[in-house]
Number of protein chains: 2
Amino acid sequence: MSLRYALLALLRVGPLSGYDLQKQFSLSVGHLWHAPGSQIYPELRRMEAEGVVLGEEQARGEKGMRRIYHVTPEGERLYHEWMRSPLDYLRVRDPAHLRAAYLETADPEDARRFLRGHIEEWQAELAQWEAEIARIDAGESPMLLRRLSVTPEAEREATIAYKRFAYEGMVERARTEIAWARRGLDLVDRLAAGRG
Amino acid sequence: MSLRYALLALLRVGPLSGYDLQKQFSLSVGHLWHAPGSQIYPELRRMEAEGVVLGEEQARGEKGMRRIYHVTPEGERLYHEWMRSPLDYLRVRDPAHLRAAYLETADPEDARRFLRGHIEEWQAELAQWEAEIARIDAGESPMLLRRLSVTPEAEREATIAYKRFAYEGMVERARTEIAWARRGLDLVDRLAAGRG
DNA sequence: CTCATCATGTAAGGAGTTACATGATTGG
DNA sequence: CCAATCATGTAACTCCTTACATGATGAG
């Protein structure tokens, strides 16, 4: 149910269309929460039906139309309720570690391929998150700048600090995954050598 | 689609009923992959319809019945195909880090509550995974013993090593999450102090 | 006889995926 | 005029969740 709150978090900064939101998701927030257009548009409509956002029809050229969504007071209330409420954690369901637990049933070469893939996957994510941290530090994150433009001076430090903090967490997770998979590669070698 | 492979991994060791599988999931494998009965039973039926397992009807008492599932050669093939194929990683969708990125919009006390909850959540998981590692080391893991009982001597070391390796990864992830949230608590304090 | 546990499900719905559909506008 | 991109979706499907349904068996 977090998609709704991710949308509210973005819209609270200022009104946006579904299309704009889609872009935000594919850039900044998308590195914490992925959402495709096919999920965003219907969710916005549902949110509008429930009164948490208000869609404003805007003409664009002759016949073009776009719908700009604003957060309503009810949406504001809902957002803060979410912020105050405990998060519900999903039950663990981890395909990589599941496979790792049964790696003795694979060829050593397949085991290595799997672990290398794991490293590559997390390195790609790591690069994204590190890049976002670099943008935050350089004052170049579009999402953060948009946020800061409506943030009173007294809260800017916290806004920047928490955003950085969130991405740091992702960076640390990625590094942990990479270190683990590297140890896995050593393990495959050691076991393969042992049976030569 | 990993549920199917988790089921195959368990059934390859020896035939089990849906009920037995459910128990395995709530114990050992369940710490890597959660699955409730309402998902297991239908999936077994689908797998049987597709010929990857075979259900053997067994009488139990006067009218009681249970269905014991065996992996077929096709199931064996499918399992190894999975082991050889690259994993598909899910797009990131992390409610905790999403919330962390917007923590300046919460009360400091709510922020702390959230972070403490994060620590508790991961500490609970950590305890499970550490307990499983302790059982592996003590030779008391029921799942591992079941596996070893059908594993030739030459592969026992690898079987144990990979199982431990998988759980180590989960332990490291939990420790990373806990360390991150603790830093978050410090950050909340620092920011709250800064604004008195 | 009764309670825990064995045993197997169904039903309704939420959340997310992939693929497709449709058309408008703007810049070169 | 043509391509990129702006703009908004639908449809079908998978996976998973919660809640409920039903009955048998075995231990005390």
Side-chain angles (χ1 to χ4, degrees), chain A residues 1-8 11 15-27 29-30 32-50 52-53 55-69 82 87-95 98, chain B residues 1-7 11 15-27 29-30 32-50 53 55-69 82 87-95 98:
Chain A
M1 248 317 225
S2 295
L3 170 59
R4 168 162 304 202
Y5 301 105
L7 290 168
L8 282 174
L11 289 176
L16 290 170
S17 67
Y19 189 79
D20 294 331
L21 283 161
Q22 217 180 143
K23 274 192 303 181
Q24 294 280 324
F25 273 99
S26 69
L27 302 173
V29 217
L32 299 177
W33 195 274
H34 167 79
S38 65
Q39 225 191 330
I40 293 171
Y41 287 108
E43 181 63 21
L44 286 169
R45 288 290 184 172
R46 270 192 299 271
M47 288 166 78
E48 185 170 16
E50 294 172 36
V52 307
V53 296
E56 172 202 358
E57 287 267 318
Q58 239 181 35
R60 181 173 161 274
E62 295 269 313
K63 301 181 227 166
M65 272 295 175
R66 55 192 233 127
R67 204 170 181 77
I68 311 290
Y69 289 94
W82 175 69
L87 220 52
D88 49 329
Y89 288 83
L90 296 177
R91 248 64 96 70
V92 54
R93 205 168 262 128
D94 191 310
L98 174 65
Chain B
M1 247 320 222
S2 295
L3 171 60
R4 168 162 304 201
Y5 302 104
L7 290 168
L11 290 176
L16 290 169
S17 67
Y19 189 79
D20 294 330
L21 283 162
Q22 217 181 144
K23 274 192 302 182
Q24 295 280 322
F25 273 99
S26 69
L27 302 173
V29 216
L32 298 178
W33 195 273
H34 167 78
S38 64
Q39 226 191 330
I40 293 171
Y41 287 107
E43 181 63 21
L44 286 169
R45 288 291 183 171
R46 271 192 297 273
M47 286 166 79
E48 185 170 15
E50 294 172 36
V53 297
E56 170 203 358
E57 286 267 319
Q58 238 181 36
R60 180 174 162 274
E62 294 270 311
K63 300 181 227 166
M65 272 295 173
R66 53 193 232 127
R67 204 169 181 79
I68 309 290
Y69 290 94
W82 175 67
L87 266 191
D88 49 330
Y89 288 83
L90 296 178
R91 247 64 97 70
V92 54
R93 204 168 261 128
D94 191 311
L98 174 65

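Quick note on labels: first sequence line is chain A, next is B, and so on, each numbered from 1.
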OP1 or OP2 of D:dG9 less than 4.0 angstrom from a side-chain nitrogen or oxygen of A:R45, does that happen here? yes
Take atom CZ of A:R4 and atom C1' of C:dG14, then tell me their distance rounded to the nearest Å. 11 Å
Please report, rounded to the nearest Å, how far the P atom of D:dT5 is from the NZ atom of A:K23. 11 Å
Rounding to an integer number of Å, can you tell me how far B:D94 CG sits from C:dG16 P? 13 Å
Protein-nucleotide distance (B:L16, atom CG; C:dA7, atom C1'), rounded to Å: 14 Å
Atom-pair distance (CG on B:D20; P on C:dA7), nearest Å: 6 Å
Within residues 56-65 of chain B: residues closer than 4.0 Å to DNA chain D (heavy atoms): B:R60, B:G61, B:E62, B:K63, B:G64
Provide, to the nearest angstrom, the distance between the CD1 atom belonging to B:I40 and the P atom belonging to C:dA7. 14 Å
Would you kindly give the CZ-to-C1' distance between A:R66 and C:dT25, to the nearest whole Å? 12 Å
Over 12 foreign heavy atoms within 6.0 Å of CD, A:E57: yes
A:Y19 side chain N/O closer than 4.0 Å to the phosphate oxygens (OP1, OP2) of D:dC6? yes
What residues, two or more places apart in sequence or in another chain, satisfy side chain to side chain contact (heavy atoms under 4.5 Å, CB included) together with A:V52? A:M47, A:E74, A:L78
Going through the checks in order, is the side chain to side chain contact (heavy atoms under 4.5 Å, CB included) test met by B:R67 and B:Y19? CA-CA 9 Å; B:R67 204 169 181 79; B:Y19 189 79; over 6 Å; no
What does nucleotides 15-21 of chain D look like as a protein-contact string, B for base, S for sugar-phosphate only, - for none, at under 4.0 angstrom between heavy atoms? SSBBB--
Could you tell me the separation between the CG atom of A:L7 and the C1' atom of C:dA15, rounded to a whole number of Å? 13 Å
